[in-house]
There are 2 protein chains.
Amino acid sequence: MGRPRTFDRDAALDKALRLFWERGYEQTSISDLTQELGIGAPSLYAAFGDKRTLFEEAVARYEASPRSVTAAGLAGTSRRDVLRAMFERAAQEYASNEHPRGCLVNSAPELAANRAHNRMLTANRLGQVAEDAESRDAAETVAAFAHVMLVGLSSYARDGADEQQLRRVAELALHAVEAGAGAKAG
Amino acid sequence: MGRPRTFDRDAALDKALRLFWERGYEQTSISDLTQELGIGAPSLYAAFGDKRTLFEEAVARYEASPRSVTAAGLAGTSRRDVLRAMFERAAQEYASNEHPRGCLVNSAPELAANRAHNRMLTANRLGQVAEDAESRDAAETVAAFAHVMLVGLSSYARDGADEQQLRRVAELALHAVEAGAGAKAG
DNA sequence: AGCGTTCTGTACTGACCACTACAGAACCGC
DNA sequence: GCGGTTCTGTAGTGGTCAGTACAGAACGCT
């Protein structure tokens with residue numbers, strides 16, 4: 001009961017996500033948000049809490065997306081598969097014009113914990129699909145390499161690289177795990 | 001003639017550089033700078049112009065440093081040499097405790113032009129040391145791959161990775177160019 | 001219709017932002 | 001010592017920041 005809100009909370013969250021994605025947390029002001037969302041500040045605070053809480057909810061929404069690059073990798077059934085899936089998804093998504101370029105998580109300084117989490121998920125999956133002890137030992141390093149690539153690809157996309165440029169770099173990166181990951185990586 | 005300034009301009013520029021390096025351009029306020037430099041705002045403006053100009057001078061100083069990762073690569077005399085030198089320098093520098101972690105140029109959204117310039121320098125060098133037509137054709141992609149790695153390594157270092165972790169990832173990346181750069185990369 | 005509840009728009013808070021006007025201090029040449 | 005020049009410290013400028021107090025509007029329930 002009570003007066004119903006005049007905007008779609010879900011659509012508003014999506015707009016906020018895109019704004020944070022494009023400009024980053026600090027560079028997105030409450031004023032930017034209320035203007036883009038077409039609502040007043042009190043409505044925003046009532047619906048989402050403070051700026052930080054809104055950001056966290058936006059990030060959670062971002063990570064739950066079916067477009068997730070890390071999730072694409074987790075579906076892989078071999079080391080090469082895992083990395084190929086991640087890089088392919090990244091090349092598609094990071095340069096897409098459907099949404100801001102690059103990756104929100106991989107371009108926000110304040111999301112180190114999310115990056116560590118994703119890296120761990122990838123390492124675990126690489127451990128699962130490892131075919132020998134060496135591959136199992138190298139899982140963390142290979143996962144670190146993959147996510148280092150993702151951060152770099154995200155930045156490259158933000159700097160203007162198109163999907164083909166990302167794809168060329170990603171393909172080159174794929175050779176690394178074929179050639180070197182089974183061999184000792186340390 | 002006139003009243004002499006009471007601070008060392010060079011030392012002040014260095015402190016400003018470190019502050020920008022650590023926090024980024026937008027997150028470093030004039031108030032932060034005057035406090036860290038131990039001078040008043042009018043002195044800062046008189047010596048360096050406005051905030052943007054100070055930032056640009058700080059970046060120029062950063063890029064002129066003998067620790068430059070790109071410059072280390074330019075001294076290489078083969079493709080493998082160029083990349084090995086870059087990655088080794090990056091692993092050392094990005095995790096060093098002598099200065100803020102990571103790379104100023106590779107972590108500042110506003111320095112895309114500097115990144116493009118460094119990528120071009122590396123591509124040119126790779127073109128020079130190429131031993132066949134295929135390597136020459138792949139120079140831009142290999143340079144893009146190398147600088148994508150650098151951005152990722154910089155972020156990884158900022159997230160807390162130590163020199164050894166960076167080194168392991170870098171070594172893995174080096175396999176990519178050995179295995180795949182001569183082969184068609186697109 | 002009237003009440004309780006919840007939302008909305010206006011208008012504001014103190015804090016911080018980049019930047020500067022102004023007055024006095026510290027130097028030079030004379 | 002005196003004038004000209006350049007720097008320094010104080011104290012501000014208008015603007016934007018995140019967040020909110022308050023009054024009225026729009027609903028469901030009775």
Side-chain angles (χ1 to χ4, degrees), chain A residues 1-62 100 104 107-111 113, chain B residues 1-62 100 104 107-111 113:
Chain A
M1 67 184 308
R3 179 174 176 176
R5 72 163 51 98
T6 57
F7 61 95
D8 181 336
R9 191 184 186 279
D10 227 51
L13 179 58
D14 201 70
K15 285 182 186 174
L17 164 57
R18 280 160 186 265
L19 223 47
F20 282 131
W21 190 349
E22 184 145 13
R23 307 185 189 179
Y25 175 74
E26 301 282 359
Q27 286 312 298
T28 304
S29 72
I30 295 291
S31 173
D32 293 333
L33 288 163
T34 56
Q35 192 166 342
E36 179 76 16
L37 274 55
I39 63 179
S43 299
L44 186 149
Y45 280 91
F48 299 107
D50 66 9
K51 188 186 174 187
R52 189 113 238 158
T53 306
L54 169 56
F55 179 65
E56 284 164 13
E57 190 173 348
V59 171
R61 183 193 187 82
Y62 178 83
L104 172 63
S107 55
E110 46 273 306
L111 296 181
Chain B
M1 67 184 309
R3 178 175 175 176
R5 72 162 52 97
T6 57
F7 61 95
D8 181 336
R9 192 184 185 280
D10 228 52
L13 179 57
D14 201 70
K15 285 182 185 172
L17 164 56
R18 279 161 187 263
L19 224 47
F20 282 131
W21 191 347
E22 184 146 11
R23 307 185 190 178
Y25 175 75
E26 301 282 359
Q27 285 311 298
T28 304
S29 72
I30 295 291
S31 172
D32 293 333
L33 287 163
T34 55
Q35 193 166 342
E36 179 75 16
L37 274 53
I39 63 178
S43 299
L44 186 149
Y45 280 90
F48 299 107
D50 66 9
K51 188 186 174 187
R52 190 112 238 160
T53 307
L54 170 56
F55 179 66
E56 283 166 11
E57 191 173 347
V59 171
R61 183 194 188 82
Y62 177 83
L104 172 64
S107 55
E110 46 273 305
L111 296 180

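Reminder, nothing fancy here: chain letters follow the sequence lines and each chain counts from 1.
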If you take any heavy atom closer than 4.0 Å to DNA chain D, which residues from residues 21-41 of chain A end up in contact? A:Thr28, A:Ser29, A:Ile30, A:Ser31, A:Ala41

Angle between ring planes, B:Phe20 versus B:Phe55, binned at 30° and 60°: parallel, tilted or perpendicular? perpendicular

From OH of B:Tyr45 over to C1' of D:dT13, roughly how many Å is that when rounded to an integer? 12 Å

Do you know the tightest heavy-atom contact between B:Leu111 and B:Leu104? CD1-O, 4.1 Å

Between A:Arg5 and B:Asp50, whichever has its closest DNA chain C nucleotide further toward 5' is A:Arg5

Would you confirm whether A:Arg9, through its side chain, and A:Ala47, through its main-chain N or O, come within 3.5 Å as a donor-acceptor pair? yes

Would the distance check show the side chain of B:Asp32 and the main-chain N or O of B:Ser29 forming a donor-acceptor pair, the cut-off being under 3.5 Å? yes

Is it true that A:Arg52 and A:Glu57 make a salt bridge, defined as a side-chain N closer than 4.0 Å to a carboxylate O? no

Out of D:dA26, D:dG4, D:dA18, which nucleotide sits closest to the side chain of A:Arg3? D:dA26

More than 12 foreign heavy atoms under 6.0 Å from CD of B:Glu110: is that the case here? yes

Grab the two heavy atoms, one from A:Asp10 and one from A:Asp8, that are nearest each other, plus how far apart they are. N-OD1, 2.9 Å

Using a cut-off of 4.0 Å on non-hydrogen atoms, how would the nucleic acid contact of B:Pro42 be classed: base, sugar-phosphate, or nothing? base

What are the two closest heavy atoms between A:Leu54 and A:Leu13, and how far apart are they? CD1-CD1, 3.8 Å

From the 5' end of DNA chain C to its 3' end, which nucleotides mark the outer limits of contact with chain B, defined by a 4.0 Å heavy-atom distance cut-off (strictly under)? C:dC17 to C:dC28

